[in-house]
Visitor: 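Below is the structure I would like to discuss, written out as structure tokens.
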Amino acid sequence: MNNAKHLLLCGFLFCLLLPGQGHPVSKADSLILSRFAEYAAQERLGDLPVDRRIERIGRFFLGKPYKSGTLNIPQKEMPVINLRELDCVTFVENVLALALLDNYDTISVRDFVKNIVTLRYREGKITDYTSRLHYSADWLYEMGRLHYLSDVTKALGGTRYSPQVGFMSKHPKKYPPLAADKQLVNKMRDIETSINKRTYYYLPKAKIKTATHRIHTGDVILITTNIQGLDTSHLGIAVKKGRKTYLMHASSTAGKVVITSEPLEAYMADIASQTGIIIARPNLLLSEEWLEMPCWHGN
């Protein structure tokens with residue numbers, strides 16, 4: 001991209017970020033979106049199928065610093081945007097929000113923020129702290145309702161998974177908005193009850209190796225956990241190298257966004273709290289044959 005076009009794009013971004021415009025995007029983050037626009041042009045993202053697009057967007061963030069709790073800031077609930085520092089959840093959110101853009105010729109900050117809100121909040125509506133999709137199982141359920149992602153775990157040989165979530169309502173002091181408002185704790189408890197009534201499937205980690213050839217690049221991998229009250233403890237994006245599956249993720253151990261150096265099953269093998277995976281596939285990757293399978297129409 002030539003300098004004139006680059007400056008024009010930067011100006012476009014900044015004009016949307018002036019006070020009063022309603023975009024919670026900092027100048028630093030808008031500059032990252034500007035660099036992403038250049039990257040999108042170089043990679044011809046608009047011409048790529050969705051799986052390769054998700055992978056290439058994920059690679060744009062490789063090396064970005066890991067930081068936990070970037071969304072937990074003391075303010076009224078709003079769509080916090082942080083492209084500079086990522087945890088495992090915000091990494092996947094940002095990648096999907098960029099993958100869902102309709103146009104890469106001009107990156108629209110408004111559309112990006114709108115996608116973040118749709119991905120992060122129940123029914124895309126911000127009401128209070130409990131409207132954010134805190135549990136991954138709940139998030140996947142909502143993404144299915146929006147037809148963005150489909151849980152293909154059962155079709156890949158997964159077994160029934162019944163996490164009894166309740167960690168947040170049982171430990172409200174760990175979450176300042178809950179600690180400050182008992183009514184929010186009650187609302188969170190009702191949400192947890194709804195999650196616990198649903199049926200989910202997971203692929204135990206002992207079975208990942210035999211099913212890995214059926215995992216696709218661009219699949220979202222949710223890692224299940226045996227920590228009481230939680231459903232998952234980590235997530236990332238699948239990257240294939242031959243028939244093996246690797247995980248692109250924001251790693252607290254590495255301190256940055258990386259692709260695992262060993263296949264997914266080996267990466268998980270020595271982490272006792274990780275019990276298996278749930279595989280969520282972008283709907284544009286689902287063939288008509290898959291959509292006709294009984295697992296899409298009930299249990």
Side-chain angles (χ1 to χ4, degrees), residues 1-64 78-84 86 89-121 123-126 133 139 142-150 216-220 236-239 248 250 257 280-287:
M1 180 180 293
N2 62 43
N3 289 338
K5 189 173 181 181
H6 175 75
L7 290 172
L8 178 63
L9 177 60
C10 287
F12 168 75
L13 289 170
F14 294 146
C15 78
L16 290 179
L17 303 174
L18 293 173
Q21 293 291 320
H23 287 283
V25 182
S26 69
K27 181 179 288 189
D29 289 311
S30 70
L31 284 171
I32 292 175
L33 285 173
S34 175
R35 290 196 293 272
F36 175 76
E38 296 182 20
Y39 179 81
Q42 293 168 359
E43 298 292 326
R44 297 183 178 274
L45 291 184
D47 298 331
L48 294 179
V50 68
D51 54 341
R52 303 305 300 179
R53 189 188 314 160
I54 288 173
E55 180 202 8
R56 296 311 302 175
I57 294 173
R59 288 180 181 275
F60 172 79
F61 291 101
L62 287 176
K64 280 282 188 290
M78 65 176 289
V80 175
I81 304 296
N82 188 343
L83 296 164
R84 295 158 282 115
L86 306 164
V89 172
T90 59
F91 167 64
V92 171
E93 279 185 345
N94 285 320
V95 169
L96 292 180
L98 291 169
L100 288 168
L101 290 175
D102 292 328
N103 185 357
Y104 292 102
D105 294 331
T106 303
I107 304 299
S108 167
V109 177
R110 292 183 187 276
D111 289 345
F112 171 72
V113 173
K114 180 180 178 181
N115 287 347
I116 286 289
V117 172
T118 301
L119 290 164
R120 187 177 294 169
Y121 293 92
E123 298 182 357
K125 299 176 182 178
I126 304 173
L133 297 164
W139 176 77
E142 291 297 325
M143 294 306 100
R145 289 180 65 247
L146 292 171
H147 306 293
Y148 287 166
L149 299 170
S150 287
H216 294 174
T217 287
D219 286 348
V220 177
I237 295 169
V239 175
M248 180 160 41
V257 177
R281 183 157 297 164
N283 274 339
L284 292 178
L285 291 178
L286 292 170
S287 66

Visitor: Testing the basics here: between S108 and L101, what is the closest heavy-atom pair and its distance to 0.1 Å?
Guide: O-CD2, 4.4 Å
Visitor: Do I116 and V80 touch side chain to side chain, with heavy atoms closer than 4.5 Å?
Guide: no
Visitor: Determine whether R52 and E55 satisfy the following criterion, salt bridge (charged side-chain N to carboxylate O under 4.0 Å, His left out), listing intermediate values before the conclusion.
Guide: CA-CA 5 Å; R52 303 305 300 179; E55 180 202 8; 2.8 Å; yes
Visitor: For P79 and V117, which heavy atoms make the closest approach, and how far apart are they?
Guide: CB-CG2, 3.7 Å
Visitor: Of all the heavy-atom pairs spanning L86 and N94, show the shortest one and how long it is.
Guide: CD2-ND2, 3.3 Å
Visitor: Kindly compute the distance separating CG (L96) from CE (M143), expressed to the nearest 0.5 Å.
Guide: 8.5 Å
Visitor: Do R281 and L149 make a side-chain contact, defined as non-hydrogen atoms from C-beta onward lying under 4.5 Å apart?
Guide: no
Visitor: Quick check: closest heavy atoms across L119 and A97, and the distance to 0.1 Å?
Guide: CD1-N, 3.5 Å
Visitor: Does a donor on one side chain and an acceptor on the other come within less than 3.5 Å for S26 and D29?
Guide: yes
Visitor: Do E142 and R145 meet the salt-bridge criterion of a basic N to acidic O distance under 4.0 Å?
Guide: yes
Visitor: Using modelled atom types only, decide if a donor and an acceptor are shared between the side chain of W139 and the backbone of Y121 within a distance under 3.5 Å.
Guide: no
Visitor: Assess whether side-chain contact (heavy atoms from CB on, under 4.5 Å) is satisfied between V113 and V25, documenting all intermediate values.
Guide: CA-CA 8 Å; V113 173; V25 182; 3.8 Å; yes
Visitor: Drop me the distance from I237's CD1 to R59's CZ, to the nearest 0.5 angstrom.
Guide: 11.0 Å
Visitor: Would D51 and T217 count as a side-chain hydrogen bond (donor to acceptor under 3.5 Å, both in side chains) here? Give the steps.
Guide: CA-CA 6 Å; D51 54 341; T217 287; over 6 Å; no
Visitor: Measuring only between side-chain heavy atoms, which start at C-beta, is L33 closer than 4.5 Å to L83?
Guide: yes
Visitor: State, to 0.1 Å, how close P282 and D219 come at their nearest heavy-atom pair, and which atoms those are.
Guide: CD-OD1, 4.0 Å
Visitor: Could you pull out the closest heavy-atom pair between I107 and A37, with the gap in Å?
Guide: CG1-CB, 3.5 Å
Visitor: Would you mind reporting whether E93 and R120 have side-chain heavy atoms less than 4.5 Å apart?
Guide: yes
Visitor: Rounded to the nearest 0.5 Å, what separates atom CG in L133 from atom CD in E123?
Guide: 10.0 Å
Visitor: Are any non-hydrogen side-chain atoms of D47 and R53 less than 4.5 angstrom apart?
Guide: no
Visitor: Are the side chain of S34 and the backbone N or O of S30 linked by a donor-acceptor pair below 3.5 Å?
Guide: no
Visitor: Answer yes or no: is there a side-chain heavy-atom contact under 4.5 Å between M78 and I126?
Guide: no
Visitor: Taking atom CZ of R44 as the centre, report whether more than 12 heavy atoms of other residues, nucleotides or ligands fall under 6.0 Å from it.
Guide: no
Visitor: Has the side chain of N283 got a donor or acceptor atom that lies under 3.5 Å from a matching backbone atom of H147?
Guide: yes
Visitor: Near N103 CG, under 6.0 Å, is it more than 12 heavy atoms from other residues, nucleotides or ligands?
Guide: yes
Visitor: Filter on ring pair (Phe, Tyr, Trp, His ring centres under 6.0 Å), then keep only pairs touching residues 35-64, sequence neighbours left out; what's left?
Guide: F36-F60, Y39-F60
Visitor: First locate atom OG1 of T90, then atom NZ of K64, and finally report the distance between them rounded to the nearest 0.5 Å.
Guide: 12.5 Å
